[in-house]
Protein chains: 2
Amino acid sequence: MKFEAITIKDIAKALGLSTSTVSRALRDSYEISPETKQKVLLYAKENNYRPNPIALSLKEKRSSSIGVLVCEIANSFFSQAINGIESVAQEKGYNVIIAQSKEDFEKEISSLQYLASRSVDGIIFSVSAETSDFSHVQQLYGRGMNMVSFDRVVDFPDIHKVSVDNYKAAYEATTHFIKNGFSNIACIANAAYLSITKERVEGYTAALRDHNIKLDPNNILYCLHGGLIYEEVAEIMSHAMNSKQKPDAILACSDKITTNVMRYCQQQNIAIPKQLGLVGFSNLDLTDLLAPSLTVVSQPAYEMGRIAAELLIKQIESKRPIKEFEDVVLATELHQRASSEKKKAKL
Amino acid sequence: MKFEAITIKDIAKALGLSTSTVSRALRDSYEISPETKQKVLLYAKENNYRPNPIALSLKEKRSSSIGVLVCEIANSFFSQAINGIESVAQEKGYNVIIAQSKEDFEKEISSLQYLASRSVDGIIFSVSAETSDFSHVQQLYGRGMNMVSFDRVVDFPDIHKVSVDNYKAAYEATTHFIKNGFSNIACIANAAYLSITKERVEGYTAALRDHNIKLDPNNILYCLHGGLIYEEVAEIMSHAMNSKQKPDAILACSDKITTNVMRYCQQQNIAIPKQLGLVGFSNLDLTDLLAPSLTVVSQPAYEMGRIAAELLIKQIESKRPIKEFEDVVLATELHQRASSEKKKAKL
DNA sequence: GCATTTTACGCAAACGATACCGGTATAAAT
DNA sequence: ATTTATACCGGTATCGTTTGCGTAAAATGC
């Protein structure tokens, strides 16, 4: 079955006009008489005429659609970000085409290829946990695709970037632990290559250093697959908790890692925060209802999405190539709750 | 800036052939010599040629894209469902364009219009909480748009539908309450017009009837805006909990209502399940970690998305109009946890 | 050796909309 | 009466791709 819409030709035929006249009448050109205009406009309205966007796209060489590549939609951070992207896109007459990498490098490449081959006008992307080599991105970008790097940003300079101050976020979270009497704090981070991982780990180590706590390298733990599957996190936790120098607190550096750490603790009957303090990065809106209520670092995901979309669309609609690139860095929020409550007084 | 891709014309010019020859060589037509074919294929591969989907769309009168209309992306049920839709779409070479109604009737109409005007080949939709009149859907469907009704299904017969057995889900949840000694069970449902609301309320009332509990009409409460905003739920809860016959248990009939009821109870220091039992519809994957762990009815959202996408694509690709319409009804799962624990023995 | 078939390719139309380049009719100016 | 201006509208190329038709050259048949 096909959905047949009325075309400019149908109007022309019905009214005994040429397609060019109809086109001009619809676009309110000065060289069409008011009577003809009205006839055309009326007929168009009555028959619910909509210009065929595909024909427009072919002619204008633009599709008025933007691609979004994230690792997973069903993740509170990304779904909120997509929400923000979608709101701006809708305002500006673009539609949003989504693709998921599932934290898989190959799927990321094919997804980008897919979006590019679908003639999107631009792409907002967050790289997968497996991605250490950005040449596929650089190649696409170099060939003229409009792109905005988002959340997990790439390391080359001439591109718009939207992210949060991960260094500060981790620094504050770690400091919060220290102030509450935790000292042997482990950091479970995402894959080591990611910008967000590097920055968060740096913030974590800096906070320890600034408070004269010696860093135990074994306390920095990486999830190669972004903690997407429970087993990955469980194994890391199990290893950490069975070591001699077992940590008294965990800084979980992603949404998925956070919930999986909690799940592990519940299954192993590890009391939070008594036996183990926990602060997690999370954008879920019910972390305050968890047992115990969870201290979280939350990101302005919706706002990030909006800004990324605005930058991208501005770039798409710019007449000349962009020379000045934005590096937008937003602030996170630390919500202090029960999962990191005071262990003992310290300073 | 524009992303310029190589076209069939470029290949033709480079190789001194006509576009038709190149086109046929790429499609492996028998009327092209093996040598020419190889030359073309090689050149195409080297220059990373991809057929322009927009030109194809214009010619074939199909866009190989499907629209998805949900009330909100940032909702675990819908993001999981979109996940399922996206996986099937990817397999079959379609892309997914998303639109949100935000539970708003006007936005639902404009979103559908938007999707239709973007030349999607079909639409999977779940109506908004405000939607009681389906004529806009019926009109679009009647004009030949392929559509699959999903989750909150419409009431006309000749359309594919994918939903869950809401009657049974609510019946089981209510029975579970009764078996655990709760008797004055309130049901906070979505907007009254929605299929899911009607079915869930019916299941609820049937369970009461079958267990010889008299139904108090005041115990059926509706959220006109789907419980999207906290205040809506808080007001309903406040009214219920301050009534003479205040309920000893709540059946929360949607994701948002469930979390907002929990939030209300926490703020008002209402102990669950001691003062108030709670069972909620929810697709969050960490309801077991809430305080108290939450008894939930979960839906196979991913699977629903997959099935809906498969039905839609089958319909799109069908040569003749579909005569037989599927009404797929999947089972929900009741996860019994602490929030609805035994109050006193009964039976 | 001529007629016929086969092979291999080019030409042009079509999809829907736009825009440049025209053209015609009426009216006004010379 | 002829030119000129103005108002209004049509023809056609274009975007990238496919496809029916046409046709030259090569291959085959007798």
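All chains are named by letter (A, B, ...) in the order of the sequence lines, taking the proteins before the strands, and each is independently numbered beginning at 1.
When atom types are taken as modelled, the side chain of Thr131(A) and the backbone of Val127(A) share no donor-acceptor pair closer than 3.5 angstrom. Judged by distance alone, the side chain of Glu103(A) and the main-chain N or O of Ala129(A) form a donor-acceptor pair under 3.5 Å.
Between Arg62(B) atom CZ and dG16(C) atom C1' the separation is 18 Å, expressed in whole Å. Atoms CD (Glu60(A)) and P (dG16(C)) sit 17 Å apart, rounded to a whole Å. The nearest whole Å value for the distance from the CD atom in Glu35(A) to the P atom in dA7(D) is 13 Å. Here the C1' atom of nucleotide dC15(C) and the NZ atom of Lys59(B) are 6 Å apart, to the nearest Å. Regarding Lys9(A), its NZ atom lies at a distance of 13 Å from the P atom of dA13(C), rounded to whole Å. To the nearest angstrom, P of dG16(D) lies 17 Å from CZ of Arg118(A). Separating the CD1 atom of Ile54(A) from the C1' atom of dA17(C) is a distance of 12 Å, rounded to the nearest angstrom. When rounded to the nearest whole Å, the span between NZ of Lys37(A) and P of dA7(D) equals 12 Å.
Taking only side-chain nitrogens and oxygens, Thr7(A) never comes nearer than 4.0 Å to OP1 or OP2 of dG16(C). The phosphate of dT19(D) (OP1 or OP2) has no side-chain N or O of Ser23(B) nearer than 4.0 angstrom. In terms of phosphate contacts, Arg27(A) brings a side-chain nitrogen or oxygen within less than 4.0 Å of OP1 or OP2 of dA19(C).
Proximity note for Thr21(B) (side chain, C-beta onward) versus dG10(C), dA17(C), dC8(D): the nearest is dG10(C). Which of dT18(D), dG16(D), dC9(D) sits closest to the side chain of Ser33(A) comes down to dC9(D). Minimum atom distance to the side chain of Arg24(A) is reached by dC21(C), of the listed dT18(C), dC21(D), dC21(C). When the nucleotides dT18(D), dC9(C), dA17(C) are ranked by their closest atom to the side chain of Ile32(B), dC9(C) comes out on top. Comparing dC15(D), dA8(C), dT18(D) by their closest approach to the side chain of Thr19(B) singles out dT18(D). Checked against dG16(C), dT18(C), dT18(D), the side chain of Leu56(A) finds its nearest nucleotide in dT18(C).
For the 3.5 Å distance criterion, the side chains of Arg62(A) and Ser57(A) fail to qualify, holding no donor opposite an acceptor. In summary, the side chains of Asn48(B) and Arg50(B) do present a donor paired with an acceptor at a separation below 3.5 Å, with no hydrogens or angles considered.
Residue contacts shown for Leu17(B) are limited to sugar-phosphate atoms, with no base heavy atom under 4.0 Å away. Counting non-hydrogen atoms under 4.0 angstrom, Ser20(B) reaches a base of the nucleic acid. Ser57(A) comes within 4.0 angstrom of no nucleic acid atom, judged by non-hydrogen atoms across all strands. Residue Tyr30(B) is classed as having no contact, given no heavy-atom separation below 4.0 Å to the nucleic acid.
In summary, the aromatic rings of Phe150(A) and His160(A) are positioned with their centroids too far apart to meet the 6.0 Å limit.
Annotation: of the two residues near DNA chain D, Leu58(B) and Val22(A), the 5′-most nearest-nucleotide partner is Val22(A).
The heavy-atom pair separating Ile196(A) from Asp151(A) by the smallest distance is CG2-O, 3.4 Å.
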